[in-house]
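Here is the naming used below: chain letters follow the sequence lines, and residue numbers restart at 1 for every chain. Computed from a predicted model, the values in this text were never measured in an experiment.
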There are 2 protein chains.
Amino acid sequence: MFELLSQKFEEKIQLTEEEKELSRKFFTPKKLRRRQYLLQEGDVCKYVTFVEKGLLRYYTVDERGQEHITQFAFEGWWISDLLSFLTGEPSTYNIDALEHCELLLLSKAAEDEMLERIPKLERYFRILLQNNLIATQKRLASSLNQTAEERYSELIQSCPETLPQRIPQHMLASFLGITPETLSRIRRQLTLKAQGTRDKVQE
Amino acid sequence: MFELLSQKFEEKIQLTEEEKELSRKFFTPKKLRRRQYLLQEGDVCKYVTFVEKGLLRYYTVDERGQEHITQFAFEGWWISDLLSFLTGEPSTYNIDALEHCELLLLSKAAEDEMLERIPKLERYFRILLQNNLIATQKRLASSLNQTAEERYSELIQSCPETLPQRIPQHMLASFLGITPETLSRIRRQLTLKAQGTRDKVQE
DNA sequence: AGCAAATGTTGATGTATGTCAATTCGATTG
DNA sequence: CAATCGAATTGACATACATCAACATTTGCT
């Protein structure tokens with residue numbers, strides 16, 4: 001149950017066996033079926049969650065009922081509504097499972113105590129936040145300055161097998177901030193272009 | 001020179017007089033004139049910088065020579081190219097001064113030693129990163145899901161006096177990811193709307 | 001297997017924003 | 001004060017993307 005978490009810790013910091021052992025005490029395991037909620041709009045986000053297995057999405061629903069996916073979370077990723085978690089305000093987001101999930105929940109109290117008992121983990125979470133911030137800044141820049149086609153191409157390139165296999169297209173569209181129709185057209189464009197270059201090469 | 005920095009520390013953590021005193025040793029003061037660079041594309045970002053006075057912008061220049069402003073940094077804010085700072089890779093960003101600035105530079109070595117000597121500051125920087133991440137996620141969501149007019153209105157509302165006074169419109173446009181022409185038209189639209197509602201009220 | 005629901009595709013059309021060019025406005029500087 | 005240069009505005013037109021509707025395809029369920 002904790003294999004992946006321990007591995008992720010080790011990538012960034014070094015823990016003794018006792019510390020590893022101890023750290024596990026602060027987490028609550030939880031399984032989620034496909035389509036079940038981890039967090040619903042209006043609830044306070046009580047946990048930051050580590051994904052041992054499965055896949056979730058983090059999204060809002062606007063006035064017109066449209067879903068806007070802000071983030072996905074695969075195995076080895078953390079997911080939470082940080083704002084609600086930190087302030088205690090009700091969340092405006094939803095988190096639900098796209099696949100069957102095995103999760104490790106960390107409450108605020110548990111986090112605080114864990115960081116006190118294992119201060120090295122402060123560093124782990126700081127690095128995590130840094131990387132997350134860098135990635136989010138990059139996504140922001142690309143959403144402001146690039147076309148939908150460019151963003152889609154780069155997204156797919158970053159994960160050519162897993163993304164299309166595990167995430168339906170209309171959710172990728174939502175993640176990119178475009179409509180399913182537009183994504184469909186973009187894909188056609190791209191296959192046409194790809195064929196064009198293939199033809200040229202074969203001439 | 002360190003007034004604002006100490007104040008910002010105090011907002012999030014409690015330091016003794018000695019710790020405050022000690023912390024200052026790790027910073028290098030620097031002044032910058034208007035238009036001077038703090039970081040240029042191609043250089044490695046050697047510092048995270050605290051702004052005691054003044055205003056800077058953080059931006060890239062694309063292939064066509066267009067500037068894209070990712071961030072501004074007012075007094076009391078931190079600014080850096082985190083990716084370059086952490087990895088040592090050359091930066092693809094520029095940072096320059098929009099106004100005369102008084103800055104406090106913190107190198108990687110100084111940061112590491114400071115955090116070792118004053119571990120409480122780990123928490124300060126973690127909170128800083130958290131807040132920054134929350135804000136960036138929010139901006140990302142708004143850039144994906146809102147119109148330029150909505151984004152501009154909210155931006156101005158967040159700082160109705162300082163923003164228009166201290167930042168020229170074409171830079172606000174760049175920050176919003178739109179052209180100066182579009183921003184000009186949006187502003188006209190908004191004043192027309194405002195007049196419309198005023199007229200109604202007066203009827 | 002067979003049906004219903006969800007997903008993806010395509011076309012016609014509308015809207016927001018970008019591009020390019022001309023013009024005005026304002027501020028700095030000689 | 002005039003000259004000049006960057007900033008902001010405006011108009012005509014182009015492009016990217018959204019919307020709505022119809023249809024095709026795939027998936028999930030019993």
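- For DNA chain C, the neighbouring residues in residues 150-186 of chain A, judged by any heavy atom under 4.0 Å, are P168(A), Q169(A), H170(A), E181(A), S184(A), R185(A).
- Counting to the nearest Å, the C1' atom of dT7(C) and the CZ atom of R187(A) are 12 Å from each other.
- Proximity of a side-chain donor or acceptor of S84(A) to a complementary backbone N or O of C45(A) within less than 3.5 Å is detected.
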How does protein reach along nucleotides 24-30 of chain C, written 5' to 3' as B (base within reach of a heavy atom under 4.0 Å), S (only sugar-phosphate), or - (no contact)?
-> -------
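- Straight-line distance from the CG atom of L190(B) to the C1' atom of dT9(D): 15 Å, rounded to whole Å.
- Residue Q189(B) contributes atom CD, which lies 13 Å from atom C1' of dT17(C) at whole-angstrom precision.
- Scored by the side-chain contact (heavy atoms from CB on, under 4.5 Å) test, S107(A) finds Y47(A), A109(A), A110(A) as partners (sequence neighbours excluded).
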Could you walk me through whether F125(B) and W78(B) pass side chain to side chain contact (heavy atoms under 4.5 Å, CB included), step by step?
-> CA-CA 10 Å; F125(B) 284 108; W78(B) 291 84; 4.0 Å; yes
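- Identified under the salt bridge (charged side-chain N to carboxylate O under 4.0 Å, His left out) test for residues 147-163 of chain A, with sequence neighbours left out: E149(A)-K193(A).
- Side-chain contact between E122(A) and R123(B) is present, with heavy atoms from C-beta onward closer than 4.5 Å.
- OP1 or OP2 of dG11(D) sits under 4.0 Å from a side-chain N or O of R188(B).
- In terms of the ring-ring contact (aromatic ring centres under 6.0 Å, His included) criterion, Y152(B) has no residue partners (sequence neighbours excluded).
- Rounding to whole angstrom units, CG of residue L192(A) and C1' of dT10(C) are separated by 13 Å.
- With hydrogens and angles ignored, the 3.5 Å screen pairs no side-chain donor or acceptor of Q130(B) with any backbone N or O of L128(B).
- Remark: E113(A) engages F26(A), R117(A) in a side-chain contact (heavy atoms from CB on, under 4.5 Å) (not counting sequence neighbours).
- R57(B) has its side chain within reach of F72(B): a pair of non-hydrogen atoms, C-beta onward, lies under 4.5 Å apart.
- Two end axes, each from the C1' atoms of five base pairs, can be drawn for the helix from dA1(C)-dT30(D) to dG30(C)-dC1(D); they diverge by 50°, to 10 degrees.
- Within residues 138-149 of chain A, no residue approaches DNA chain C, by heavy-atom distance under 4.0 Å.
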What donor-acceptor contacts under 3.5 angstrom involve side-chain atoms of residues 166-178 of chain B, with partners at least two apart or in another chain?
residue : atom : partner : partner atom : Å
R166(B) : NE   : E99(B)  : OE2          : 2.8
R166(B) : NH1  : E75(B)  : OE1          : 3.3
R166(B) : NH1  : E75(B)  : OE2          : 3.4
R166(B) : NH2  : G54(B)  : O            : 3.4
R166(B) : NH2  : E75(B)  : OE2          : 2.9
R166(B) : NH2  : E99(B)  : OE1          : 2.9
Q169(B) : OE1  : R187(B) : NE           : 3.2
S174(B) : OG   : E67(B)  : O            : 3.1
S174(B) : OG   : I69(B)  : N            : 2.8

Every protein N/O lying under 3.5 Å from an N/O of nucleotides 23-30 of chain D:
none

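- Side-chain N or O atoms of K108(A) include none that pairs as donor or acceptor with a backbone N or O of F85(A) at under 3.5 Å.
- At least one side-chain heavy atom of L86(A) sits less than 4.5 Å from a side-chain heavy atom of I134(B).
- For the pair D96(B) and N94(B), the minimum side-chain heavy-atom distance is 4.5 Å or more.
- Scored by the side-chain contact (heavy atoms from CB on, under 4.5 Å) test, Q137(B) finds Q71(A), T136(A), L133(B) as partners (sequence neighbours excluded).
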Donor-acceptor pairs under 3.5 Å, side chain of residues 30-42 of chain B to any protein atom, not counting sequence neighbours: which ones?
residue : atom : partner : partner atom : Å
R34(B)  : NH1  : L98(B)  : O            : 3.3
Q36(B)  : OE1  : R33(B)  : N            : 2.7

